[in-house]
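Notes to accompany the following structure.
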Amino acid sequence: MKSMAELTPIPFDHLLRRIFYEHEKTDSIFDLPARHFHRPGIEYDLSVKFLGKNAANPAGPAAGPHTQLAQNIVLSWLAGSRILELKTVQINDRIELTRPCIDMATIGYNTEWSQELLLDESLREYVKASMIIEILKQWMFLSDRSKSFQPKQFDTIFDLSVGYDLAGIQSDTIRNWLHSMRNATSLIEEYRRQIPAEFSAYKDLCFNPEIGDSITLSTFHGTRAEEIESICEFLIRELDFNVVIKMNPPMLGKEKLEHLLHEKLGYTNIEVNASAYEASITFSDAVEMVRRLQVTAGKQGRTVGVKFGNTLEVINKGNFLKGKVQYLSGQPLHILHLQLVDAWRKTFGAKFPMSFSAGVDANNFADCVSIGLVPVTSCTDLLRPKGYGRLPQYLQNLELKMKATGSRSIEEFIIRSNNSRVVNETAAFEKAVMSNTSELLKRSIENPWYHYDHNRKRPTKVGSHLDLCDCLNCDKCIPVCPNDANFGFDVEPVDRKYFIVEVNESRWRKTESGNFTIAKAKQIANFADACNECGNCDVFCPEDGGPYIEKPRFFGSLDSFRHHKKLSGFYLDIKQNRSTLTGRFKDREFELTWDPILDRYVFSSGRATIETNASTHEIRKASLIDTKEEVIDMRYYHAMSVLLKGVSNTSRVNFVNIEAHRS
Ligand code: SF4
Ligand code: SF4
C-alpha cells in the first residue's frame, strides 16, 4: 500500500469514460474548459521538425509535473502541446520526496525529482496517454468533416527522459523499460480491450507501438563529463535512440552567472549553492563532448542535441519547501539559459538541434521560436492560475507575430523576424537564427519582465482559514493542479438544526445543539489518488490551510481509505439505489448509506445506527450495535449527507463518481 503523497494511476477505462461524459455534460475534459482546447487553423503552418520527426507545432510541457500521469499528458495535448517531454524516469522508483515540493509564489522553486510512480506504472501512463490522444484526434477533430482538419495538424511527438547515472541506465530494468517504449504492442493490445463502449468506434484504431525514439538525458548535478558521454554513447549505439543532453546553468561559470542574476536582473536575494559550480560540467568540456558524440550519432544515423535547460540549485531561504537547497526556475532562469543558447549557437551554428525550457510563457514563446529552438517547453508557467489553459495563448501569440511579419511557416517567421526579405534560403535562415538569438538575448536582459522587481509579488492571502465546506470559490485550486486532483461539485446549501443523539439499551433521545450550515452551492474536493501533495494549490488559494489538506479528501478505494488512518477523508461506493459514504473526521469514523427509493439514510458510528428520512432528516429510529450506550453528534451526519449527494450527482463528472456514468 502506498504512502499518502504517492500517486495511484487512474484506470484506462475510467479516464476514457470521464472524457466522454465530462465533454458531453460540461463541455470540458479533466476540468479544462473546451474554450481552452487548441483548435489548429489553416492560415499558419506551425509545424517543425524535431530529431527527424514532424510535430504540428513546437510547444509542449517540459519533463515534470505536467507529463507524469496520463490525464496530465492529455491535458497538455488538448491545450495545444505537440512535443511532450515525458517525466524523467530512473532505476530507483521508490524515492522519498519531501512535501510540499513546488513553490510558485514568486519566480518558481521546486524540490521535485524523477517519476513518483513505479517504472511499470510510468510505462503504462505513457502508453495510455498516447492511445487517448490518438482517440481524441479522431473523435474530436478528424471525424468532424465540416472543419477540414488535416492529420498533420495533430502530429505529436513524445520525447522520453531518463536519468541519472550510467549504472542505472545500463541496468536490465531500464533497458527493458526503454525497449517497451520502443515497442508497446502488448500493452496497447491490453488497453485496446479496455476501451469502453462509449468509444467502441475506436477499438480497431491503429495505435503507433513506438511511443518515442528520442531521449532527453538528465544527469545528477555534478555528473562528470566522461559519464555523461558514456551514457549518450550507450543510448545512441546500443539502444539506437536520438539523444538530447540537458545542460545546467552553472556551465556559464560563477562570474558570468552571478553577474546576470544579481547585477543585471537584481535577484540579490538568491544564493547559488557553491557546490553547483564545483560539480558542473564546464562549457568547453560540454562542447568537446558533444563534438565527439556528433560523430558517434552520425555513424548510427542518429542525432545528438542539447537542451537548455536544467533548473539552478540555490540555497533554500524560504519556509515553504524543506531542505537546504531548492531548484530555481522561471524568469531569471530564462535569461541564464538564453545566454547559454547564444554561446552554443556561436560555437555550433544555427542548425544545431536545441530544445529550450526556462521561464517560457505566452510573452516569450514566439521569440524562442524565432531563434530556432525546438521544442520550446514550459513548466513553471503552467503551474500558475489557469494552468494548462495558459498554453493556447502561446500559439495564438505566435500566430499574431507570424501575421505581423507576413510569415506562413516557422522558417519564414524566423527569417522575417530578422527583417530579411529572402525566404526559403538556407543562408538567410542561418543568418536569421544567429542574429535573432543575439538580439533577443540583449533585449531580454534589459526587459523588466525578467527582473526581480517585476517578480517579487506573492499571491494574495485574505487571512481566513479553509474549512471542510464553503470557501471563497475562486476556483484557482482546480486548474493550478497539474494532476486535476481538485474538483468542484454542487450541493444544496443547508441551514438546519442539528442534534446530539444519545442512545442506550432502552431508548434514544436527541438534544438540540445548534445550526448546521453550508452556505454555498459550489464546493471543492480533492481526489487523493491524484494528489502528490506538491502544495501548488495551497500557494494560489487565497485562504490559508491548503485545499488539498482542508477540503474533503476522497480516496479511490476502501483499502486506500483504511490504510491512511491518520488522515481525515472519505470513500464513496456508488451503487444504483444504494450508495455508501465512509468517512473519517480525525479519529472518528462513520458510514452513511443512502437509499433513494426508500428515501432513507442509515448512519452508523460502528457502535450505533441512526435511520433518518432522507428528505426531511427527521430521525426515524436509533439502535445500538454491540455496546451499551453511544452519543453521536449529528453534524457528521449532515456533512456526510451533503457530500454524498453532492459528489455522486452526475450532472458533474469527476474521478469519484465515474462509476455512476455508464452507457
Ligand atoms: S491537489 Fe494541490 S497539492 Fe495535490 S497535486 Fe494538486 S496542486 Fe498539488
Ligand atoms: S479552496 Fe481556495 S483556491 Fe479553491 S476555490 Fe476555495 S478559495 Fe479558491
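One-based numbering, in listed order, for ligands and for the atoms of each. Note that the structure is a prediction, hence the values are computed from the model and not measured.
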To check your reading of the model: name the closest protein heavy atom to atom 2 (Fe) of ligand 2, its residue, and the distance in Å. Cys541 SG, 2.3 Å
Tell me which protein heavy atom sits closest to atom 4 (Fe) of ligand 2, plus the residue, atom name and distance to 0.1 Å. Cys477 SG, 2.4 Å
Please list, in chain and residue-number order, the protein N/O/S atoms closer than 2.8 Å to atom 4 (Fe) of ligand 1. Cys531 SG
What verdict does the side-chain contact (heavy atoms from CB on, under 4.5 Å) test give for Tyr498 and Asn515, after you've listed the backbone C-alpha separation in whole Å, the side-chain angles of each residue and the deciding distance to 0.1 Å? CA-CA 6 Å; Tyr498 75 92; Asn515 270 28; 5.6 Å; no
For Lys317, is the NZ atom crowded, meaning more than 12 foreign heavy atoms sit under 6.0 Å from it? yes
Tell me if the CG atom of Asn319 is crowded by more than 12 foreign heavy atoms within 6.0 Å. no
Which ligand 2 atoms are under 4.0 Å away from a heavy-atom of [X]?
{"X": "Cys474", "result": "3 (S), 5 (S), 7 (S), 8 (Fe)"}
{"X": "Asp475", "result": "5 (S), 8 (Fe)"}
{"X": "Ile524", "result": "5 (S)"}
{"X": "Leu472", "result": "7 (S)"}

Assign the ring pair [X] / [Y] to parallel, tilted or perpendicular, where the plane angle (0 to 90°) is split at 30° and 60°.
{"X": "Phe487", "Y": "Phe554", "answer": "tilted"}
{"X": "Tyr601", "Y": "Tyr637", "answer": "perpendicular"}
{"X": "Phe585", "Y": "Phe570", "answer": "perpendicular"}

Check whether Phe655 forms a cation-pi arrangement with Arg18 (NZ or CZ under 6.0 Å from the six-membered ring centre, at most 45° off the ring normal). yes
Relative to Phe154, does Arg82 satisfy both conditions: NZ or CZ under 6.0 angstrom from the six-membered ring centre, and within 45 degrees of the ring's axis? no
Could you walk me through whether Trp77 and Thr156 satisfy the side chain to side chain donor-acceptor pair (under 3.5 Å) test, starting with their C-alpha distance in whole Å, then the side-chain angles of each, then the deciding distance to 0.1 Å, before giving a yes or no? CA-CA 8 Å; Trp77 186 83; Thr156 301; 2.9 Å; yes
From atom 6 (Fe) of ligand 2, work out which of Cys471, Gly488, Gly546 has a heavy atom at the shortest distance. Cys471
